[in-house]
Amino acid sequence: MPARDSGAQVSRRTLGQRFSAYLAHHRQTLFDGLQQLGRQPLATFMTVAVIGIALALPAGALVLVNNARGLSAGWQGTARISLFLKNGLSDGTVQQLADSVRAHSGVAAVQVISAEQALVDFQRRSGFNDTLSLLGSNPLPAVLVVQPTAAYTAPAAAQQLAQSFGALPQVDQVRMDVQWLKRLQAILALLHRGVLIVAVLLAIAVVLIVGNTIRLEIENRRAEIEVSKLLGATDRFVRRPFLYHGAWYGLAGGVLAWILVLIGLALMGGPVDQLVGLYGSHFSLSGLGASGVLGLLAGGIVLGWLGSWLAVARHLRAIEPT
Amino acid sequence: MPARDSGAQVSRRTLGQRFSAYLAHHRQTLFDGLQQLGRQPLATFMTVAVIGIALALPAGALVLVNNARGLSAGWQGTARISLFLKNGLSDGTVQQLADSVRAHSGVAAVQVISAEQALVDFQRRSGFNDTLSLLGSNPLPAVLVVQPTAAYTAPAAAQQLAQSFGALPQVDQVRMDVQWLKRLQAILALLHRGVLIVAVLLAIAVVLIVGNTIRLEIENRRAEIEVSKLLGATDRFVRRPFLYHGAWYGLAGGVLAWILVLIGLALMGGPVDQLVGLYGSHFSLSGLGASGVLGLLAGGIVLGWLGSWLAVARHLRAIEPT
Amino acid sequence: MIEFHEVSKRYDGGNEALAGLSFTAERGEMLFVTGPSGAGKSTLLKLLALIERPSRGQIIVNGRNLGGLRRRQIPHYRRQVGVIFQDHKLLLERSVFDNVALPLVIGGVPRNEIPRRVGAALELVGLLHKERALPIQLSTGEQQRVGIARAVISRPPILIADEPTGNLDPELSYEVMRLFQRLNQVGITVLVASHDHNLIRRLGQRFISLRAGRLVPPELAGGAYAGT
Amino acid sequence: MIEFHEVSKRYDGGNEALAGLSFTAERGEMLFVTGPSGAGKSTLLKLLALIERPSRGQIIVNGRNLGGLRRRQIPHYRRQVGVIFQDHKLLLERSVFDNVALPLVIGGVPRNEIPRRVGAALELVGLLHKERALPIQLSTGEQQRVGIARAVISRPPILIADEPTGNLDPELSYEVMRLFQRLNQVGITVLVASHDHNLIRRLGQRFISLRAGRLVPPELAGGAYAGT
Ligand SMILES: Nc1ncnc2c1ncn2[C@@H]1O[C@H](COP(=O)(O)OP(=O)(O)OP(=O)(O)O)[C@@H](O)[C@H]1O
Ligand SMILES: Nc1ncnc2c1ncn2[C@@H]1O[C@H](COP(=O)(O)OP(=O)(O)OP(=O)(O)O)[C@@H](O)[C@H]1O
Ligand SMILES: [Mg+2]
Ligand SMILES: [Mg+2]
């Protein structure tokens, strides 16, 4: 109907005018979405709370795993290698040997326990004061306590390191405290597996929750969608408010998750301090960090948007009046 | 309008007839709810999946905590008390002492390590073969390794036990390996706190999810509620289908949670075996147990019913056409 | 049977939909309410069905003051009043059968009695063949007739109908009104809001006329109709 | 402008709502469609608004075969057709203003133009004072008029109306029809489904008559009306 005065109205508008109207609709939809959330505060809070909880759990788990890594790094002290030296080496030779061991790339620190010091220790620990003082000479050897670097803390690597030191001519015997390390790593593997299961479940849950909420909302706004389509609205026009809506939910859920993680960390602080105190290491729980917070919020928005998209895509056609 | 033929219809029915109609409505509503879930399989699955995940996490956490308790009981072996006896006691005296220690109510087992055995052990572990063979006599004492009963495993109780044995005249020194125990207990405290936080969050989540779903469903069925009320339906009549609906959701969520816990346990089996292997203890993961499964299903139903109730109570009045 | 005493209704928006309205409908009477769009006809019927409460004045139904009914008593009262709504208010996800059966289910009628009575009610409005259809599969006039079947199925002593023939052709409108007359003849008090002056005149029933929430004196109302 | 060629519509339920219907409405014509409840009037208009697709036959609008429109083109086509629905289809949570503005928002009309045009459209149907109200705060007749304002606001070249006066009193009905006539006089093609034979006769417009999905010859149809 090209020449008709009344009908050509819409298409005669300039491209610029139409684009600015388009942008205005985007802007309005964005804030309409926010307003709509505000109009039913309790309902909105319920949905946001569920999303927030679902986001907080994997985020919190991530923080814990990161902290556990830091913690196990702090426990590297346990992965010591003790080099029992041959008897009768002079203090100078021992110091020289300690320096050369210290130069190895896998070694973080070397502590020298001289034969005299070893005897004192032994006496203190065994309580054999009388017996040992009967001995004319000190039967105990000097010991080098080697602290491997982080890269050599894993049982296999530490073992390798120990073997190479065992080959040194001045070294009589090598002992390594790997038992505790193995235990720790087994516990961490267990936790890690658990956290993975939980994280996968909860990621699914977030998409389902947002999708579900948006789906039910679409049902609720079925009339609106239907009427808009009957009046000539395109699919994109109809979809837009739902996508913004989902994104707002996701963002709000992300913020709540952040707060929950902070609370969770505060609550975990006590037991962690206690645990760390037992190992005498310097360690305090680290939080999400700026990038973690940004990731959490962005993740919330993306998941919310995604859930909406899935729900809308599935239901837009179903509502099609044709 | 007592005497009128047409109007008295409803109230003239006998009580028995009305009660059986009432029961029939209950029965029908129950199965209508199930049918309705089946009519939208995907939507139903989404809601049930979210509820199932939310129920599975605290249930799984409970199973893990229970297992950890069992595991730490299996690790009691670590809480040994070593009694270093005075030098020069005869084997008979040592055996006698061992028997009297074994008689103590706090003692589960006593292992005797004679002086000779101790020397062999020491030689093997220290590598001081040559040195010690120089000694004319064995400088090492006999040792009684005491395994406390479960009741005496806690650090404080074990300490007390150790002290009482330290007072025996034949005992020279007492040593106790409580370090590891303290570590384990700190880790368990940490896990316990974490599980508690997660469980509280998820219990809230379940009620919110069911409440939210039912709330949106009520919105969706607003017309139905309104029309029913206009036709003279009581609140209870209107509420009934939603309550059954919520209960069905909860039950289905509970069943799904059960399945998820089973899968989770299967996945955790590997790392747990590895960990347990390190401690040489006999232990295998135990599941929910019959009462746990029943509790899970009942909990699901109750939470679903509760969520519905909350949502319906809040919204029934709002829909009131008056 | 139905008495309005100086009833006013002011909605939250500020509209005075009814302003001091008084009238009486005797037991077993059939009364029409007419008036232009927005005159307050639906408001009057909503007050009777307890969908709205009056701002002032009293409504007495069957000797009972509606203002004195407690919340718990409302469902029972509503079962005594069959209402045909202007917008049908059918349940879109339920079949025609289920829609018509709803008042019986709510009223606790034994299940084995229901199919027979639903069949009879649908027969009355000529829609027995649409029993299994969903409301959206019906034309608007058919929906209106389903609403009528639902309102009469529990044989309530009072029947109120809001524009029951707005979407029906003249012949069907006449038939529906004749149906109301038959129900009225077996003793049901009937109140119908309608614009259809021709039809009302043809039926020869008593009517009251509203304008802006007030009663228009019969002489004036009659005059207005003659002009259309 | 509008041509139906042997159009049939059989719904999933098995009803043949239209059976081989053919007719033409010229550009700039005003045509009424009458017929009893269930005759297929709404179905005819739904086919025109692309709410339903014909089972057989072709519909040509403005030289374009509707069967050839792709999904993407449907929204643009719909903006060329103003529809007044039998059940209003107003958005219940939006104000009257927002409801009437919706076609402009969808059509991408600049925001500053909207209030003026909404005002003008509401003025046409006499509801400017209800601009801020929600649909449920209106009487049914007022809702119907809001639907009319929404349909005409974007000045579509084709206007189709399904029973636009079913809930209006005779005077208002006449005014609304006169409004359609004025729109028709500025070149809009108007198609109206209505039961109101008196009104159609009074307006003196051309009409076609349906019965069970078929065209009734004008002589017979005229005879039928005379009887009411
Ligand atoms: N979606 C549908 N599915 C199945 N049957 C339908 C559907 N819509 C309409 N029908 C049937 O098609 C026939 C024509 O319906 P239509 O709505 O076109 O009638 P109408 O002329 O508009 O009637 P009224 O004046 O009562 O509005 C009716 O018998 C109706 O039951
Ligand atoms: N819920 C409401 N809130 C505010 N105003 C209302 C409400 N319902 C009705 N009104 C107003 O009260 C007046 C009377 O409305 P009512 O529905 O009673 O008219 P009516 O006589 O039934 O009209 P119609 O013939 O168009 O259905 C109208 O002006 C209407 O706008
Ligand atoms: Mg009305
Ligand atoms: Mg129709």
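Order of the sequence lines sets the chain letters (A, B, ...), proteins ahead of strands, with each chain counted from 1. Hydrogens, waters and symmetry mates play no part in the numbers below; they use all other heavy atoms, side chains included.
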Margin query: For C:Ile74 and B:Lys229: C-alpha separation, side-chain torsions, deciding distance, then whether side chain to side chain contact (heavy atoms under 4.5 Å, CB included) applies.
Written below: CA-CA 9 Å; C:Ile74 292 178; B:Lys229 293 192 85 171; over 6 Å; no
Note to self: Please classify the contact of C:Val83 with chain B as side chain, backbone, both or neither, using a heavy-atom distance under 4.5 Å.
What the structure shows: neither
Next item on the list: Would you indicate whether C:Arg64, at its atom CZ, is surrounded by more than 12 heavy atoms from other residues, nucleotides or ligands within a distance under 6.0 Å?
Entry: no
Notebook entry, point to check: Are more than 12 heavy atoms from other residues, nucleotides or ligands located less than 6.0 Å from atom CD of C:Glu93?
Noted result: no
Notebook entry, point to check: Taking all non-hydrogen atoms of both residues, which atom of C:Leu102 and which atom of B:Ser228 are closest, and how far apart?
Noted result: CD2-OG, 4.1 Å
Next item on the list: Could you tell me the separation between the CG atom of B:Leu231 and the CG atom of C:Asn99, rounded to the nearest 0.5 Å?
Entry: 9.0 Å
Notebook entry, point to check: If you count the non-hydrogen atoms of other residues, nucleotides and ligands that lie under 6.0 Å from CH2 in B:Trp305, is the total more than 12?
Noted result: yes
Margin query: If I take atom OG1 from residue B:Thr234 and atom CZ from residue C:Arg79, how far apart are they, to the nearest 0.5 angstrom?
Written below: 6.0 Å
Notebook entry, point to check: What pair of heavy atoms forms the shortest contact from C:Pro75 to B:Gly232, and how long is it?
Noted result: CB-O, 3.3 Å
Note to self: With a 4.5 Å cut-off on side-chain heavy atoms, are C:Arg150 and B:Val227 touching?
What the structure shows: yes
Next item on the list: Give a yes or no on this: more than 12 heavy atoms of other residues, nucleotides or ligands lie within 6.0 Å of atom CZ of B:Phe45.
Entry: no
Item checked: Heavy-atom proximity to chain B below 4.5 Å, by part of C:Arg72 -> neither
